[in-house]
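Since the structure comes first, as structure tokens, the remarks are kept for the end.
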Amino acid sequence: SIIFNAFIFCTFFNEYTAENLFDEWNFLPTVIANPAFLMVSSFTFGAQIILIEFGGEFLKTSPLTLYQWLITIALGAIGLPIGVLMRYIPVKEDPNSFFDNTRIFKTSGHVDSAAVPMTSFEIGKGGSAD
């Protein structure tokens, strides 16, 4: 139960530092401004408590003491400063190396726009997936 709980909290805290792309180190403004993210995080935290404390024989877990909870949460929280420090590692990206799915749909030298699937961003801007 301790290893399982520590692993879940590692992924839990990784969600926070992974919320921002590129080199933005402060994840709190985007987290606070995203109620869906906060709801998912709250659900994950609550579900983890229920799974560990009441999973029993079905999930092969046993309840943890308060000290064990604090240790496993602290182990998971180590990912927060590591995630922030990773933002300071310089990475040079070549936009030409990114995947371009329009190459898949090219026919006779031009792109068939009807065959190119719309992204979720285009659909959200009033386009249709039909």
Side-chain angles (χ1 to χ4, degrees):
S1 293
I2 290 174
I3 293 172
F4 172 62
N5 207 39
F7 173 76
I8 294 300
F9 279 107
C10 284
T11 59
F12 177 81
F13 288 112
N14 183 56
E15 292 173 1
Y16 285 84
T17 56
E19 177 74 8
N20 286 343
L21 298 177
F22 309 113
D23 59 356
E24 179 64 39
W25 67 270
N26 189 1
F27 57 87
L28 289 177
T30 56
V31 168
I32 293 169
N34 189 344
F37 183 84
L38 292 173
M39 286 190 295
V40 169
S41 288
S42 299
F43 176 79
T44 302
F45 194 89
Q48 183 62 17
I49 292 171
I50 291 168
L51 291 174
I52 291 292
E53 293 298 316
F54 304 109
E57 186 62 28
F58 179 70
L59 295 176
K60 307 287 189 226
T61 61
S62 57
L64 301 179
T65 65
L66 178 61
Y67 179 73
Q68 291 169 330
W69 273 102
L70 294 175
I71 292 296
T72 56
I73 291 171
L75 286 171
I78 290 172
L80 290 174
I82 291 172
V84 169
L85 290 174
M86 287 175 48
R87 302 297 178 161
Y88 292 101
I89 298 173
V91 176
K92 300 285 185 198
E93 294 188 37
D94 179 16
N96 295 326
S97 69
F98 296 162
F99 179 71
D100 180 11
N101 68 350
T102 59
R103 289 181 285 168
I104 296 171
F105 301 104
K106 286 186 179 178
T107 56
S108 31
H110 74 281
V111 176
D112 182 8
S113 61
V116 177
M118 295 183 72
T119 66
S120 58
F121 296 110
E122 292 169 326
I123 292 170
K125 291 181 179 176
S128 74
D130 295 15

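Given the structure is predicted, the values throughout are model-derived calculations rather than measurements. Residue indices begin at 1 and follow the sequence shown.
Counting all heavy atoms, side chain and backbone alike, L38 lies closest to I32 at CD1-O, 4.0 Å. In terms of heavy atoms, T11 sits closest to I8 at OG1-O, 2.7 Å.
Hydrophobic cluster membership is shared by I73 and V31, with clusters built from Ile, Leu, Val, Met, Phe, Trp and Tyr side chains linked at under 4.5 angstrom. The cluster map of Ile, Leu, Val, Met, Phe, Trp and Tyr, joined by side-chain heavy atoms under 4.5 Å apart, puts L80 and F45 in the same cluster. Cluster membership for F4 and I2, using ILVMFWY side-chain heavy atoms within less than 4.5 angstrom, is shared. Neither I49 nor I3 shares a network with the other; the hydrophobic side chains, linked directly or stepwise wherever heavy atoms of I, L, V, M, F, W or Y lie under 4.5 Å apart, form separate groups for each. In the hydrophobic clustering of this structure, F7 groups with L64; members are Ile, Leu, Val, Met, Phe, Trp, Tyr whose side-chain heavy atoms approach within less than 4.5 Å, directly or through other members.
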| Given E53 and T61, is the side chain to side chain contact (heavy atoms under 4.5 Å, CB included) satisfied, shown in steps? | CA-CA 8 Å; E53 293 298 316; T61 61; over 6 Å; no

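Annotation: the span from N26 atom CG to T17 atom OG1 amounts to 12.0 Å, rounded to 0.5 Å. Taken from CD1 in I82 to CG in N14, the straight-line distance is 10.0 Å, to the nearest 0.5 Å.
The main-chain N or O of I52 is never found under 3.5 Å from a side-chain atom of S1 such that the two would form a donor-acceptor pair.
Ring geometry, F13 versus F9: the interplanar angle falls from 30° to 60°, so the pair is classed tilted.
Side-chain contact check for Q48 and W69: no donor-acceptor pair (N or O, by modelled atom type) lies under 3.5 Å.
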